[in-house]
4 protein chains.
Amino acid sequence: MVGASDCPPPIAERAYAVGRAVAAAGAVLICGGLGGVMQAAARGARDAGGLTVGIVPGPRHQDANPFVDITIVTDLGHARNAIVVRSSHAMIALPGEYGTLSEVALGLKMGIPVVGLGAWTHLEGVIPAAAPEEAVAHALERAKRIYATPR
Amino acid sequence: MVGASDCPPPIAERAYAVGRAVAAAGAVLICGGLGGVMQAAARGARDAGGLTVGIVPGPRHQDANPFVDITIVTDLGHARNAIVVRSSHAMIALPGEYGTLSEVALGLKMGIPVVGLGAWTHLEGVIPAAAPEEAVAHALERAKRIYATPR
Amino acid sequence: MVGASDCPPPIAERAYAVGRAVAAAGAVLICGGLGGVMQAAARGARDAGGLTVGIVPGPRHQDANPFVDITIVTDLGHARNAIVVRSSHAMIALPGEYGTLSEVALGLKMGIPVVGLGAWTHLEGVIPAAAPEEAVAHALERAKRIYATPR
Amino acid sequence: MVGASDCPPPIAERAYAVGRAVAAAGAVLICGGLGGVMQAAARGARDAGGLTVGIVPGPRHQDANPFVDITIVTDLGHARNAIVVRSSHAMIALPGEYGTLSEVALGLKMGIPVVGLGAWTHLEGVIPAAAPEEAVAHALERAKRIYATPR
């Protein structure tokens with residue numbers, strides 16, 4: 001789950017719904033651990049009884065939002081984006097700015113399935129979704145398909 | 001929990017006991033996710049019903065040992081050591097070689113409590129422990145003390 | 001200087017011209033150290049008597065192309081992109097794919113001047129240039145302006 | 001070249017002499033770019049007409065000491081130590097504390113020749129040297145031997 005660290009209420013609501021759906025499906029929510037879309041999604045996942053991981057860019061556990069269960073403290077600045085992406089079996093991208101774009105681009109580069117929920121669908125390879133539940137369904141299906149393939 | 005990726009049975013047994021005690025205390029076990037001490041500790045934690053996090057140096061989820069619940073895929077090589085250390089509230093160090101030494105040194109440098117279980121106690125600042133349960137008790141107490149301090 | 005690690009001859013020629021112009025201006029060329037645009041630019045800079053730095057993603061000095069003078073060996077995978085960007089006073093971006101896009105996005109996010117040479121100009125904040133010399137002139141001027149500002 | 005970021009004058013003098021000898025041999029000095037041993041060595045190298053590289057942990061070019069020619073801005077915190085080590089063909093270690101120890105340990109782990117100048121010689125694998133010129137001679141000889149080996 002990637003998106004803006006500062007976002008308007010309608011986007012936060014969608015992020016919250018994504019978090020709920022991820023948890024409802026029994027999956028772990030991984031995000032960048034900060035505010036905005038990250039916080040809303042973590043709150044949604046926790047409200048639905050799920051487990052949340054926040055991979056924060058700074059040097060402190062306290063940098064994570066209060067809905068993160070497991071904080072990975074990287075102190076890597078923007079280089080932590082690559083770890084958020086690499087640690088995900090599939091990504092759901094909400095609207096964001098250039099930080100989010102760098103994550104979407106890395107996901108596409110690394111061959112990780114990227115679902116765009118109302119955003120980023122102009123980029124080749126992004127799987128479009130119109131609603132949070134649909135985004136989560138796409139993400140989980142792609143993730144499973146990849147992991148079912150013999151390596 | 002840090003230590004060698006390849007270790008003799010008596011060390012693995014101690015690591016297993018550390019993992020069990022961490023989980024019994026309700027704490028999350030964070031390790032480097034590979035074999036040896038890391039795998040034994042993760043197995044111990046899982047056997048005791050705990051949650052395990054493995055922060056692996058390579059680019060694949062499959063690099064983690066089978067007892068890791070949450071895999072953080074860094075693709076950072078040895079630079080991932082800094083994240084293992086930074087993400088821990090306290091460290092328990094078992095015998096290891098230079099990779100482990102680099103983690104112990106970083107922990108001391110960053111001000112993270114480091115408990116040495118039969119190892120590293122010649123380094124100033126390492127808290128000595130003779131048995132796994134004692135090591136875990138020391139680690140949790142130091143972690144609590146730090147987090148109880150107003151920031 | 002960022003761009004594709006595999007590129008057609010006309011793009012390589014432009015990258016070569018960028019390298020020459022960077023060196024002619026007395027600036028240091030920083031790139032990702034691999035092939036394609038990175039190699040062409042490094043060759044151009046060296047041919048014009050300049051100094052070249054390659055920040056490679058892998059673990060070996062030999063990963064750098066033969067026109068790199070100073071190899072920074074990161075072993076960070078794609079996370080090295082953030083260092084290429086952060087170490088630059090200004091960036092010149094040639095056509096590329098998602099790896100390059102992640103670098104352009106990070107540059108814009110970090111507030112580093114990004115000049116797009118026949119590419120990326122649809123992204124808000126990218127400074128357009130039509131020719132290599134023009135791109136280098138824009139990049140150096142922006143870099144100077146930033147460094148002339150009292151901090 | 002690794003060592004403390006804060007050091008007494010006799011250590012700084014030795015670091016300065018190491019920098020001079022590195023430059024006199026035509027080699028590039030790579031260091032962490034900050035103060036103490038790093039600054040003294042960079043000053044020595046520059047005084048002898050050499051080229052200096054500083055790989056800084058923070059997010060700003062200005063973090064580098066004034067004797068660094070090429071600044072690599074990592075914003076990786078202590079994880080940048082792995083890059084300082086990995087980018088070196090051989091390391092010379094002066095006295096330092098736990099940050100330096102983590103670098104020495106990583107160098108030994110990665111198989112990079114580590115010369116200890118009045119320090120670290122209790123660690124197996126560290127090559128002892130009594131004087132700056134001797135340390136540089138050892139370092140360059142080991143580096144050459146490694147690079148002469150067919151890969």
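Naming: A, B, ... by sequence-line order, numbering from 1 per chain.
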_Result of checking Val104(C), Leu108(C), Leu106(C) against Tyr98(A) for side-chain contact (heavy atoms from CB on, under 4.5 Å)_ =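 So, applying the side-chain contact (heavy atoms from CB on, under 4.5 Å) to Tyr98(A) and each of Val104(C), Leu108(C), Leu106(C), only Leu108(C) qualifies.
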*Other residues, nucleotides, ligands: >12 heavy atoms within 6.0 Å of Asp6(C) CG*: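 Not more than 12 within 6.0 Å, no.
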Which bit of [X] comes within less than 4.5 Å of chain A, counting heavy atoms only: side chain, backbone, both or neither?
X: Leu123(C); answer: both
X: Ala79(C); answer: both
X: Arg80(C); answer: neither

*Between OG of Ser102(C) and CE of Met110(A), what distance do you get to the nearest 0.5 Å?*
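With rounding to 0.5 Å, OG (Ser102(C)) is 8.0 Å from CE (Met110(A)).
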*Drop me the distance from Glu97(A)'s CD to Glu124(C)'s CD, to the nearest 0.5 angstrom.*
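Going from the CD atom of Glu97(A) to the CD atom of Glu124(C) covers 9.0 Å.
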*Shortest non-hydrogen separation from Lys109(C) to Gly99(A) and the atoms involved*: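 Heavy atoms of Lys109(C) and Gly99(A) come nearest at CD-N, 3.7 Å.
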*Under a 4.5 Å heavy-atom cut-off, does chain C meet the side chain of Ala105(A), its backbone, both or neither?*
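Ala105(A) touches chain C through backbone and side-chain heavy atoms alike.
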